[in-house]
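What follows is a single structure, written as structure tokens, with notes after it.
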There are 2 protein chains.
Amino acid sequence: MARIFNFAAGPSTLPLPVLEKIQQEIVDYQGAGFSLIEASHRGPHYSEVHAAATAGLRKLLGLPENYHVLWLQGGATLQFSMVPLNLLAGGKPADYTLTGTWAKKAVADAKKIGKVNLVFDGTEAKFMTLPRASEVKASAGAVFLHLTSNETIGGVQWQEWPAVDVPLVCDMSSDFLSRRIPLEKFGLIYAGAQKNLGPAGLAVVIIRDDVLARCSDDLTAYLSYKIHAAGDSLYNTPPVFPIWVSRLVLDYLNGKGGLPWVEKLAEDRSRLLYGMMDKHPDFYRCPVAAHCRSKMNVVWRLPSEDLEKQFIAEAKKAGMDGLKGHRSVGGCRASIYNAMPLEGAQTLAGFMDEFARKHG
Amino acid sequence: MARIFNFAAGPSTLPLPVLEKIQQEIVDYQGAGFSLIEASHRGPHYSEVHAAATAGLRKLLGLPENYHVLWLQGGATLQFSMVPLNLLAGGKPADYTLTGTWAKKAVADAKKIGKVNLVFDGTEAKFMTLPRASEVKASAGAVFLHLTSNETIGGVQWQEWPAVDVPLVCDMSSDFLSRRIPLEKFGLIYAGAQKNLGPAGLAVVIIRDDVLARCSDDLTAYLSYKIHAAGDSLYNTPPVFPIWVSRLVLDYLNGKGGLPWVEKLAEDRSRLLYGMMDKHPDFYRCPVAAHCRSKMNVVWRLPSEDLEKQFIAEAKKAGMDGLKGHRSVGGCRASIYNAMPLEGAQTLAGFMDEFARKHG
């Protein structure tokens, strides 16, 4: 097998040892005589996996006891509904930052449920920049301030966190577990798994005790954080396979050295790519403001769309796929999530260097 | 590997050839150089799987063009919210039949959203029977009549469909794709995948054009059937792995002979088990009324709880797991879904026969 470097924005590359472990166990799980995906979610085999996934996540993040971990379905997209349904009942207001495609979806859903104050609107800047953390102020009476920590399409990422008096609620789908964060600022973190953690079909919600206590009691079952928390995410059948894979990814990341290791790898990978843009400033152009360039989704332009097409096609022949920018913005994009080895970024940087020399 | 017969109520047994195919392709999908669970959900590899899953389901059910197939997340549990949110906006009433644990959950959620008429309440009969189809009448003004086609815990199953003037909305989670059904009666069918179709983490919704047209336009994105239908279930990242497995299961079922084959197998399997209760009427007792005994979840009692414990323990030693009744009702239960081979039911029937002779 010739494994390629897969720079897709999500679903995205996973650690090869994890895939190989799944392959080994998918028909007969550790001698049980059945697959884990055939096992009852209340039986001993899955129960061990469920608990180990939660423990692995707690360990990686250093999560204090006053935070609950929920393993849900529906991706971050369902969280765009669940966050305001749980926290903005009765028309309470919240602050949102409009920083790109994903924040826009979060805002649109929140507005259908509660009162939304936009404390930052990046529309005119075409979402190519973020405010400085010190510029972000919470509104009077806001229940929370919502951030999208990283925008996969625009390629902007919060590098500092706003110092506000309300809990931060954060969509971390595209940079989840990629760096150390000041947990105490966050009342609720949610993330679709399919970028930095595991396969599609799983969303993680981390919610602090005091925020959980404020959640609505009047919701239907699946939409209630309180019901999922009370049932340890087993109120209904959980998405067994994505949780199993995530557990193995968490074991892998903890085994490599945890968040300090992941964070350094993210810095090294992204530095290689941004460095190549600095090296060939007349050929590659990063449209994103320097203080908020993403370490997860690196975007850049070439001198022409024809050269961009050629770049993407030749990179694919050289074993690098998924480098086309999102159709809404064009250009090139390399998504370099937790499971992307340094060699992937090195290979891409080398290719960028050579391509610029040849065509610059 | 000694593969057991797994009678778990869900997640549950899958066809062995499907598991083996997944094993073969999970690291390198058909020579792509990556796993399908790493592939972009908008790329060619997953797109083919997505379309083939839909086509396979349409073929198996003989689904007319005026029905949409949606691949969602959150299980049937999220559908307990989505059905009334989409169809009972503005306080419109619907008819529900309270037939067991699952119907109870559907009713509880619907009551939080709209007006619910209970046209059958099995509480006093401890959910051990269903009304005759001809006894079920729709209320004036009801938007739909909701059924739970099979109750996994009680072991009751509708064997005939009410002839009412309103569309049937049906939770088919536990007997989905197990028999031919008169599609024209159904406005909406939903099912969690993890019993008869594939792994946990996937729910299928089949919705007729005219019912879709009546759905609310004011919902947040994930909760809107219209948004999922407009985006061909790709509005957000779909649960790739469960859809991939389901596609293979659908290919398997279509290849074996489709619904007539599945239906006959379900009849043969269940006849073996109910037949053993008839053979040993002083030893085995089925608590369910004869006209609505489930062909998917066969429940029975033994003369004492001690004998039940012994039965379950000895069956496990003989390679049959998952035979314990749900904790809320006790006794024994064999869940015999689409992927359970006839040999599983034969082995269990033989064991029942022998156990009754020995202890009767």
Side-chain angles (χ1 to χ4, degrees), chain A residues 1-4 6 8-14 16 19-20 22-23 26-28 31-35 37-41 43 46 72-78 80-81 105 108-109 112-113 192 194 199-202 218-223 235-242 245 319 321-322, chain B residues 1-4 6 8-14 16 19-20 22-23 26-28 31-35 37-41 43 46 72-78 80-81 105 108-109 112-113 192 194 199-202 218-223 235-242 245 319 321-322:
Chain A
M1 159 196 177
R3 188 161 164 85
I4 66 154
N6 173 13
S12 50
T13 198
L14 291 164
L16 184 58
L19 292 173
E20 289 170 340
I22 297 288
Q23 183 169 50
I26 190 74
V27 173
D28 182 15
F34 49 81
S35 174
I37 62 173
E38 300 177 302
S40 167
H41 60 296
Y46 177 71
L72 304 180
Q73 297 178 57
T77 300
L78 181 55
F80 298 158
S81 302
K105 293 189 176 198
D109 276 355
K112 293 198 165 177
I113 293 160
Q194 70 272 15
L202 174 66
D218 298 327
L219 297 169
T220 51
Y222 200 89
L223 301 176
Y235 173 78
N236 71 324
T237 314
V240 167
F241 181 80
V245 179
D321 204 1
Chain B
M1 159 195 176
R3 188 162 164 85
I4 66 155
N6 173 13
S12 49
T13 199
L14 290 164
L16 183 59
L19 292 173
E20 288 170 341
I22 297 288
Q23 183 168 51
I26 190 74
V27 173
D28 182 15
F34 50 81
S35 174
I37 62 173
E38 300 177 303
S40 167
H41 61 296
Y46 178 70
L72 303 181
Q73 298 178 57
T77 300
L78 182 54
F80 298 158
S81 302
K105 293 189 176 198
D109 276 354
K112 292 197 166 179
I113 292 161
Q194 70 273 14
L202 174 65
D218 298 326
L219 297 170
T220 51
Y222 199 89
L223 301 176
Y235 173 78
N236 71 324
T237 314
V240 167
F241 180 81
V245 179
D321 203 2

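The shown structure was predicted, so the numbers you read here are calculated from the model rather than taken from an experiment. Chain naming here is simple, since letters A, B, ... match the order of the sequence lines and numbering starts at 1 in each. Atoms considered below: every heavy atom in the structure, side chains included; atoms not considered: hydrogens, waters and symmetry mates.
- Judged by distance alone, with hydrogens and angles left aside, the side-chain atoms of A:Q73 form a donor-acceptor pair with the main-chain N or O of B:G74 at under 3.5 Å.
- Looking at B:A76, neither its backbone nor its side chain comes within 4.5 Å of chain A, counting heavy atoms on both sides.
- Only the backbone of B:D218 has a heavy atom closer than 4.5 Å to any heavy atom of chain A.
- Between chain B and the residues A:P242, A:P199, A:S40, A:S12, the largest count of heavy-atom pairs under 4.5 Å involves A:S12.
- The side chain to side chain contact (heavy atoms under 4.5 Å, CB included) check on A:L219 picks up A:L85, A:N86, A:S216, A:S224, with sequence neighbours excluded.
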Carefully, step by step, assess B:I37 and A:L19 under the rule side-chain contact (heavy atoms from CB on, under 4.5 Å). CA-CA 10 Å; B:I37 62 173; A:L19 292 173; 3.9 Å; yes
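- For the pair B:L78/A:L78, a side-chain contact is recorded, criterion being any heavy-atom separation below 4.5 Å from C-beta on.
- Among the candidates A:S81, A:G10, A:A8, the residue making the largest number of heavy-atom pairs closer than 4.5 Å to chain B is A:S81.
- We find the OG1-CG distance between B:T237 and A:L202 to be 12.0 Å, quoted to the nearest 0.5 Å.
- When side chains are defined from C-beta on, A:T220 does not count as touching B:F80, because their heavy atoms never get closer than 4.5 Å.
- With a threshold of 4.5 angstrom between heavy atoms, B:Q194 approaches chain A through side-chain atoms but not through N, CA, C or O.
- Side-chain atoms of A:D109 come within 3.5 Å of backbone N or O of B:A221 as a donor-acceptor pair.
- Applying the side chain to side chain donor-acceptor pair (under 3.5 Å) test to B:Y222 and every residue at least two apart in sequence or in another chain returns nothing.
- Residue contact with chain A, scored on non-hydrogen atoms closer than 4.5 Å, involves the side chain of B:I113 exclusively.
- Side-chain contact between A:V245 and B:F241: absent, with no pair of heavy atoms (C-beta onward) separated by less than 4.5 Å.
- Ranked by heavy-atom pairs shorter than 4.5 Å toward chain A, the options B:G201, B:G322, B:A108 are led by B:G201.
- In this structure, no portion of B:Y46 lies under 4.5 Å from any heavy atom of chain A.
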Verdict with reasoning, A:L16 to B:V27, per side-chain contact (heavy atoms from CB on, under 4.5 Å): CA-CA 8 Å; A:L16 184 58; B:V27 173; 3.9 Å; yes
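- Residue contact with chain B, scored on non-hydrogen atoms closer than 4.5 Å, involves the backbone of A:A32 exclusively.
- The nearest pair of heavy atoms linking B:A200 to A:P238 is CB-O, 3.3 Å.
- Of the possible polar contacts, one joining the B:N6 side chain to the A:E38 backbone as a donor-acceptor pair under 3.5 Å is found.
- At least one donor-acceptor pair under 3.5 Å links the side chain of A:Q23 to the backbone N or O of B:Q23.
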Determine, step by step, whether B:T13 and A:F34 satisfy the side-chain contact (heavy atoms from CB on, under 4.5 Å) criterion, reporting the C-alpha distance in whole Å, the side-chain angles of both residues, the deciding distance to 0.1 Å, and the verdict. CA-CA 8 Å; B:T13 199; A:F34 49 81; over 6 Å; no
